[in-house]
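Residue numbering restarts at 1 for every chain, and letters A, B, ... go by the order of the sequence lines.
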Amino acid sequence: MKDGDPTMDAQTSKQLAHNLITWYRANARDLPFRHSRDPYRIFISEMMLQQTQVATMLPYYERFIARFPDIETLAQASLDDVLSHWQGLGYYRRAKHVHEAAKQVCATHGGQFPTTLDALKALPGIGDYTAGAIASIAFNQPEPAIDGNVLRVLTRVLAEARPIALSATKATVKDVVRGMHHHAPPRELTQAIMELGALVCVRTPICEACPLQRHCLAYAQGRIAEIPMRAPRLKQPLEHYIAFVITGGDAVYLEQNPDKGLLANLYGLPHIIGSDVTKAYTALQSNLSMALTLGETLGEITHVFSHKRWRLTVIHATSGQVTENFHALDDLPAIGKAHRKAIALWEEKMNK
DNA sequence: AAGTCGGGGCG
DNA sequence: CGCCCAGACTT
């Protein structure tokens, strides 16, 4: 698919929506929170579902609704009471958000959930996804609700190769769902996509049972296992360093790395692990035995290696004496990219 | 953009 | 048992 093309033609969109709804009506699980169009119950069930599987969350949901059957009851309860009914679910800040949202709805909306996306998103704990879920399921508005399930289903249908964490990928999926909303009742469509993602289009999907198989590009291309794409592993450890740009006139102090290890033999700035500038400066002074004057913070540099990430806080310092370790800015030896960027920060400052 | 929340699924 | 994970908020 090229830029500028519509994400999906209306005919495909209509067939997808139709197949989904037909499948949903025949296969959807009978879940208690689906028996109501009450935005309050949908809100509570969505907030609980964001952190647990249905099976785990159901007993909590039943207990919660039995104790707080409507939004006024929740708003008037104490936070401790709310937390005790959330206890075990985790993400306890969400319990607080749910409670705060109930109080706000009662205080400023007369106990009625707002019906617009923006007003919903203004409530604590409600972001893009939950706002879309409430608007479409409770109020039957054609609003996309993009969660992990929906992303998985539709990136596969589209054979979308971009990582799902990118906002551009979410925007594409959002457009497709918006298109499908023209061809199905929003409240069913939203639940149908999520249900398909939960039952069929799972991590290792059951493509034989999938109503979208004939339209699924990832299936056709044999790329089910590689889609959705995860962002390139940013699991590499993040290491914080303080790097010092020590200048004497227009020369900068550099040290040469050992001939083994990371950036072997390249020159670089003195840099000290950690993020505490005071400690790092003390360590620097004892390492160098030069008279230094601490300067300003020049900025932050991040640098990604294949196996680790650096975050450099770049500090300027000046030295009275200029030794052989100082190199003129217009005649620098080979320096790693991160430290070169750090030196560039100093040059920018000087040129202003 | 990246860290945090905290439990469950899964290998 | 360790690794990974989804959404909202925060910084």
- Is A:Arg94 touching bases, backbone alone, or none of the nucleic acid, heavy atoms closer than 4.0 Å? base

Distance, rounded to the nearest Å, where [X] contributes [atom1] and [N] contributes [atom2]:
X: A:Arg93; N: B:dG6; atom1: CZ; atom2: P; answer: 7 Å
X: A:Asp147; N: C:dC5; atom1: CG; atom2: P; answer: 16 Å
X: A:Leu49; N: C:dC5; atom1: CG; atom2: C1'; answer: 15 Å
X: A:Ile164; N: C:dC4; atom1: CD1; atom2: P; answer: 15 Å
X: A:Trp86; N: B:dG6; atom1: CH2; atom2: P; answer: 12 Å
X: A:Met57; N: C:dG7; atom1: CE; atom2: C1'; answer: 15 Å
X: A:Met48; N: B:dG6; atom1: CE; atom2: P; answer: 15 Å
X: A:Lys96; N: C:dA8; atom1: NZ; atom2: C1'; answer: 15 Å

- Task: Starting from the 5' end of DNA chain C, give me the residue, A:Arg203 or A:Ile126, whose nearest nucleotide shows up first.
- Result: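 Upstream on the strand: A:Arg203.
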
- Taking the six-membered ring for Trp, are A:Phe244 and A:Tyr281 parallel (under 30°), tilted (30 to 60°) or perpendicular (over 60°)?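 The arrangement is tilted - the two ring planes meet at 30° to 60°.
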
- Parallel, tilted or perpendicular for A:His271 and A:Tyr241, by the 30°/60° rule? tilted

- Quick one: is A:Thr130 getting a side-chain N or O under 4.0 Å of the C:dA8 phosphate, OP1 or OP2?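 Answer is yes, contact under 4.0 Å.
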
- Query: Would you find a donor on one side and an acceptor on the other, under 3.5 Å apart, between the side chain of A:Ser289 and the backbone of A:Gln285?
  - Reply: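 Pair absent, no side-chain N/O of A:Ser289 close to backbone of A:Gln285.
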
- Message: Filter on salt bridge (charged side-chain N to carboxylate O under 4.0 Å, His left out), then keep only pairs touching residues 129-147 of chain A, sequence neighbours left out; what's left?
- Response: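 Those involving residues 129-147 of chain A are A:Glu143-A:Arg178.
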
- Looking only at atom P, what distance separates B:dG6 and C:dT11, rounded to whole Å?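 Here B:dG6 and C:dT11 have their P atoms 15 Å from each other.
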
- Item | Salt-bridge present (A:Arg67, A:Asp81; N to O < 4.0 Å) |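 Answer for the salt bridge query: yes.
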
- With a 4.0 Å cut-off, would you call A:Arg94 and A:Glu46 a salt bridge?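 Salt bridge: no.
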
- For A:Ser167 and for A:Thr204, find the nucleotide of DNA chain B with the closest heavy atom, then tell me which residue's nucleotide is more 5'.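 Taking each residue's closest nucleotide, the earlier one in sequence belongs to A:Ser167.
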
- Could you say whether A:Gln50 or A:Leu166 is positioned toward the 5' end of DNA chain B, judged by the nucleotide with the nearest heavy atom to each? A:Leu166

- Message: Is it the case that the ring center of A:His85 lies less than 6.0 angstrom away from the ring center of A:Tyr60?
- Response: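 When the ring centroids of A:Tyr60 and A:His85 are compared, they turn out to be at least 6.0 Å apart.
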
Are any protein N/O atoms closer than 3.5 Å to N/O atoms in nucleotides 7-9 of chain B? If there are, list each pair with its distance.
{"unit_1": "B:dG7", "atom_1": "OP1", "unit_2": "A:Tyr92", "atom_2": "OH", "d": "3.4"}

